[in-house]
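All of these numbers come straight from a predicted model, not from anything done at the bench. Just so you know, ligand 1 is whichever comes first in the structure, and atom 1 is the first atom listed for that ligand.
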Amino acid sequence: MQPNSHLNSALALLGATAIFLIDTFTPLDIAVAVLYVAVIMLSATFLSRTGLLAIAATCVFLTISSFIITHWSDLETSALIRCLVSLSAIIVTTLLALKNNQATHDLRDQAALLDLTHDAIYVRDNHDVITYWNAGAEQLYGWPREDAIGKVAIDLLKSKFPKPLAEITRDLAAEGRWQGEITHAKRDGSSVVVASRWSQQRDDKGRPVATMVTNNDITDQQLAETALHKAESELAHVTRLTTLGELMASIAHEVNQPLAAVVTNGEAALRWLKRDVPDLTEVNNSLERMISNGRRASDVIARLRALTRKTDLIRAPLDANELLEDVLLLVERELIARDVALRLDLAATPLPLLGDRVQLQQAVINLALNAVQAMSSVTDRPRTLRISTRLEQDDKAEPPQKNAIIEIADNGPGIDPAVISKLFTAFYTTKSEGMGMGLSICRSIIESHGGTIVATSELGHGATFTIHLPVREDAA
Ligand code: ADP
């Protein structure tokens, strides 16, 4: 028995004694013994089934004793009825209390089941006050049940939500449930990231009364994911440098040519100036050509620098058409050198995306270079690289969405249908110096942008790589 139970038992006995004394020794003509009901109700809150039966038996004994002491010599019908009313009240109350205790007991047993799970489960009322806290929650957060219950959850756990709480509350009210990742503080001050699932409990009229929260610790999983992303981005960086290495000769030419033009135009300008009558119109023309060539060289270098820089993933609004134009600036020379004609077919309207410019450029450069390399064996027809973009409505997606489609098609030897499924796996290559990482990285780049990439081919007639990327939500 707990110290509190001792006190309560003493109080119950004191109450029963007081009622017995009033019932027996005061001349009140009322059913004082009915007050034993209060003793039984009090006892029901802390006594076991046997204890409660013992108290009830004591109350019955005291009621009958009091009746015998006071009324035996002069038996009155009204006194007998009062005694019987009191006895029935005691018996009915005892039965109800026993039933209630059994129901509470069953509920407690069911709630104890929640302590078997490793998930941290707690319930909070409409004011965010914690009303239930299971063993998993004690273990995860370090707060014992007694300390957590009654506290405001958001204050106790210093919750950091993935979006404004008002939005989450709105979703919860509309759907009756919500799930997402939340960062909490433990009792020792350290943070824990949890996958949290909320379910709203409603009353008969559908009004929310409480929310049950089930949390799983995913801190380690998140750390592993971060490490994996880092490794992926380093690998992407290395392959980007390798791909650019393949383009280096063309890019050097792409920069050299405008620089040579700057020099030629500079010399021409000087000649026009040195004439007896300087021809300022020609000087002006030469200077303008110098500026535009200088700009072109610096543009190529700027794009190259962006591609070689090792940066973390940056998601920013961009236009797929602009992205392709930037890529073409770097690969154009390679196309000329390899005798490949470019057929550009870009959508007339912008294709707004949200993504990492460098990574998406890397994916497109890789596809274009693969196409150019595949076409090197073609000698019986003009080599053609077709790059096209368009907007497509996908009604099968849930919810329906608009996609930007980027298609890179060549008329090279194509791909054997038997190997098409292997193309995107790491280390698959048919080139003697190939790494086989390009397409696998392409796919992870596109998928990390919520898109897909597929290859189709008619053997002997070329290959087409089609990228679907979801159009930016605010522009869809
Ligand atoms: P790598 O270029 O190092 O071989 P990739 O992953 O970029 O690695 O390409 C894998 C393989 O896919 C290539 O070796 C080639 O066999 C095939 N491939 C890719 N693009 C084409 C294409 N346009 N036409 C024919 N085969 C292709």
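- For the side chain to side chain contact (heavy atoms under 4.5 Å, CB included) with Val123, the qualifying choice from Thr131, Thr211, Val213, Leu114 is Thr131, the only one to do so.
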What's the verdict on side-chain hydrogen bond (donor to acceptor under 3.5 Å, both in side chains) for Asp106 and Gln102, showing C-alpha distance, side-chain angles and the deciding distance? CA-CA 6 Å; Asp106 289 350; Gln102 184 59 42; 3.2 Å; yes
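- At the shortest separation from atom 5 (P) of ligand 1 among protein heavy atoms lies Leu439 N, 3.6 Å.
- Atoms of ligand 1 found under 4.0 Å from any heavy atom of Gly434, numbered from 1 in the order shown, are 3 (O).
- Considering Thr430, Asp410, Thr464, Thr425 only, the shortest heavy-atom separation from atom 23 (N) of ligand 1 involves Asp410.
- Taking a cutoff of 4.0 Å between a charged side-chain nitrogen and a carboxylate oxygen, Arg386 and Glu407 qualify as a salt bridge.
- With a 4.0 Å heavy-atom cut-off, ligand 1 is reached by no atom of Phe424.
- Under 4.0 Å is where a charged nitrogen must lie from a carboxylate oxygen, and between Glu332 and Arg296 at least one such pair does.
- The option with the heavy atom closest to atom 26 (N) of ligand 1, from among Val372, Asn366, Leu385, Ile415, is Ile415.
- A salt bridge links Arg145 with Asp115; the closest basic N to acidic carboxylate O contact falls under 4.0 Å.
- Scanning the protein heavy atoms around atom 4 (O) of ligand 1, the nearest turns out to be Thr429 OG1, 2.6 Å.
- Using modelled atom types and a 3.5 Å distance limit, the side chains of Gln362 and Arg240 yield a donor-acceptor pair.
- Counting heavy atoms only, Leu423 comes closest to atom 18 (N) of ligand 1 of the residues Thr239, Leu423, Val419.
- Note on Asp147 versus Arg187: salt bridge recorded, some NZ/NE/NH1/NH2 to OD/OE distance being below 4.0 Å.
- Near Met435, the atoms of ligand 1 lying under 4.0 angstrom from a non-hydrogen atom of the residue are 3 (O).
- Cation-pi check for Arg124 over Trp198 is met; the charged atom lies under 6.0 angstrom from the ring centroid and within 45 degrees of its normal.
- Scanning the protein heavy atoms around atom 10 (C) of ligand 1, the nearest turns out to be Tyr428 O, 3.2 Å.
- The distance from ligand 1 to the heavy atoms of Gly438 drops below 4.0 Å at these ligand atoms: 5 (P), 6 (O), 7 (O), 8 (O).
- With respect to atom 24 (N) of ligand 1, the closest heavy atom belonging to the protein is Ala374 CB, 3.4 Å.
- Counted by atom type alone, Gln393 and Gln401 present zero donor-acceptor pairs between their side chains at under 3.5 Å.
- Ring geometry, Trp133 versus Tyr122: the interplanar angle falls from 30° to 60°, so the pair is classed tilted.
- Of the listed options Gly462, Gly414, Gly436, Ala455, Gly436 places a heavy atom closest to atom 3 (O) of ligand 1.
- The single protein non-hydrogen atom nearest to atom 20 (N) of ligand 1 is Asn370 CB, 3.4 Å, given as residue, atom name and distance.
- Polar contact with ligand 1: present for Lys431 (N/O pair, distance under 3.5 Å).
- Ligand 1 is approached by Ala371 to a heavy-atom distance shorter than 4.0 Å.
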